[in-house]
Amino acid sequence: MVTYEFNRESRLLTPGQFQSVFSKPSRYGSSHFTILITANNTDRNRLGLAVAKKRVKLAVQRNRIKRLVRESFRLKQHDLPGIDIVVMVKSGIDKLDNSEINHQLEKIWRKIIQRQKR
RNA sequence: CGAGUUGGCCAGACAAUCGCUGCUUUAUCCUCUGCUUUCGGGUAGGGAGAUAAAGGGGAGGAAAGUCCGGGCUCCAACGAGCAGGGUGCCAGGUAACGCCUGGGGGGCGCAAGCCCACGACAAGUGCAGCAGAGAGAAGACCGCCGAUGGCUGGCAACAGCACAGGUAAGGGUGAAAGGGUGCGGUAAGAGCGCACCGGGCGGCUGGUAACAGUUCGCAGCAGGGUAAACUCCACCCGGAGCAAGACCAAAUAGGGUUUCAUAUGGCGUGGCUCGCGUUGAAACCGGGUAGGUUGCUUGAGCCUUAGAGCGAUUUAAGGCCUAGACGAAUGAUUGUCCACGACAAAACCCGGCUUAUCGGCCAACUCAAUAG
RNA sequence: GCGGAUGUGGUGGAAUUGGUAGACACGCAGUCUUGAGGGGGCUGUGCCUUAGGGCGUGAGGGUUCAACUCCCUCCAUCCGCA
């Protein structure tokens, strides 16, 4: 039975874990996202978010974007093959609506899955 | 039904599915201690964690800006003085405030009502560029006069000159030129005199006071502005902040160089001095660690009723528990409905202020008025 | 989260007992020199306006005769604290 849970094991928690992703990343991107991934040699995927105050000024918008990314990751996590992910954003993303953000994330997940299968 | 003022309340709703995070209960697993044992275990109590199920909770009126005030924590204690800072009509409220309430004064509005850093420049010191004659108990540039004295003419009355001089009514300069109006007065003028108005000082009356009134008395008037200039007066303020601080584990390896001091010293201490405590301190190089728990939500708390008070507020009784996260929860998708949803999200906690904001509802009051 | 600092033409940066804002340097534009370029010289350079004049020190108010300067509110940028 496949569950769509999202608890603390599915996140990057410490600065050290973030650093390991930043040190040897594969890059993916879209018009408003930059995503870094690296293999973590487990059967779990882990997500870290880096939404800078400089990119998105209002706390309400930052929270909205983080929630959307988490939700999208939660629903897709079983199709991904054991990687650590750091999602960063670019300026202007706070002007997009929910469906547009979801659409961009979908495209990136599909690209990652294709790349990793080879 | 219109126009407006003040106060208070709400902050899309409902359903389904999938998620996040605390709390409570139950079950299973793990673990510690005691007792017992046929060494498999059994039983009682405790602990923290994991999983599952059920129930219940889960951003704001501004959570914001960080502009004030407190609680709390540490600085041995926060004691004295100086420096520095803040507030500023009066009275009250409060834990406290730069906040609030009531009152006074001034301004705006037909009104309900709204707005105001609103102590003292007659304690002292300073400032006012340019312009202007003169800028502070002032000043003759133009103007006015020239009574008096002088000169000229004339027998004289007097006329002329504008020399001495007088003059702040008028012009001009300026942000500002030293009470206003009228009459008298005069050579021309002038609080020079008088009347009224305004203001000052003293008294009296009302008020806790700010202040107001005065048919009372005094003196012709008194010296303008600026204190968000120094200052004076009254009152208040020790410093830092939850990244405060405390605990557990690890670590800080008794390493090197330089400088200061060597006790009338250094440091604690983040203005200085005294006082107090403590006994070396600081900088750089090299090396090592920066994980977890706690502080963390029950509080100047909220609701109802009754009493005190014009009110802010307060007293009593009863009831309620209403987010505590930590790479950071309170969401996503779909559907239905409508007034089509603004500004915007806690990070130790409260009380205010300020700023942003789609709209909706309720109450009291004011104006316009009886037309549709 | 807490604490602190700064804001002046296109750029750096002057101007303080409150008294003519934009010194100085760079850049830019025009012009002279040169066959041309470079270099150098000279002139101009915040905005609006025909002129007179008006508006301009991050924004908005206030005090004052007068504000870059003093006071209040807001905005933006930067720095420090484990």
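The structure presented is a predicted model; accordingly, all values stated were derived computationally and were not measured. Just so we're on the same page: letters track the sequence lines, and every chain starts at 1.
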*For the pair made of CG in A/Asp97 and C1' in B/G331, what is the distance, rounded to whole Å?*
17 Å
*Between A/Leu49 and A/Leu58, just flag the one whose closest nucleotide in RNA chain B comes earlier from the 5' side.*
A/Leu49
_Under 3.5 Å on both distances, the Watson-Crick or G-U partner of C/G60_ = C/C72
*Would you kindly give the CG-to-P distance between A/Leu68 and B/A332, to the nearest whole Å?*
7 Å
*Phosphate OP1/OP2 of B/A332: any A/Asn102 side-chain N/O under 4.0 Å*: no
*If you look at every strand shown and take non-hydrogen atoms under 4.0 Å, does A/Arg70 touch a base, only sugar-phosphate, or nothing?*
sugar-phosphate
*Provide, to the nearest angstrom, the distance between the CG atom belonging to A/Asn63 and the P atom belonging to B/G19.*
22 Å
*Check whether any side-chain heavy atom of A/Lys53 sits under 4.5 Å from a side-chain heavy atom of A/Lys57, and report yes or no.*
no
*Taking only the side-chain heavy atoms of A/Lys54 (C-beta and beyond), determine which of B/C20, C/C78, B/C18 contains the nearest atom.*
C/C78
*More than 12 heavy atoms of other residues, nucleotides or ligands under 6.0 Å from NZ of A/Lys111: is that the case?*
no
*Please determine, for B/C35, whether a Watson-Crick or G-U wobble partner exists with both distances under 3.5 Å, and give it or none.*
B/G42
*Looking across every strand, which nucleic acid part, if any, lies under 4.0 Å from A/Arg67 by heavy atom: base, sugar-phosphate, or nothing?*
base
*Would you mind pulling out the nucleotide paired to C/G12, Watson-Crick or G-U wobble, both distances under 3.5 Å?*
C/C24
*Considering only side-chain heavy atoms of A/Arg74, which listed nucleotide, B/A332, B/U21, B/C18, is closest?*
B/C18
*With both distances kept under 3.5 Å, what pairs with B/U167, Watson-Crick or G-U wobble?*
B/G143
*How far does the P atom of C/C75 sit from the matching atom of B/U354, given to the nearest Å?*
15 Å
*Tell me which of A/Val51 and A/Leu75 sits closer to the 5' end of RNA chain B, going by the nucleotide each one is nearest to.*
A/Leu75
*If pairing requires Watson-Crick or G-U wobble contacts with both distances under 3.5 Å, which nucleotide is the partner of C/C42?*
C/G30
_Roughly how many Å apart are B/G295 and B/U73, using the P atom of each and rounding to a whole number?_
14 Å
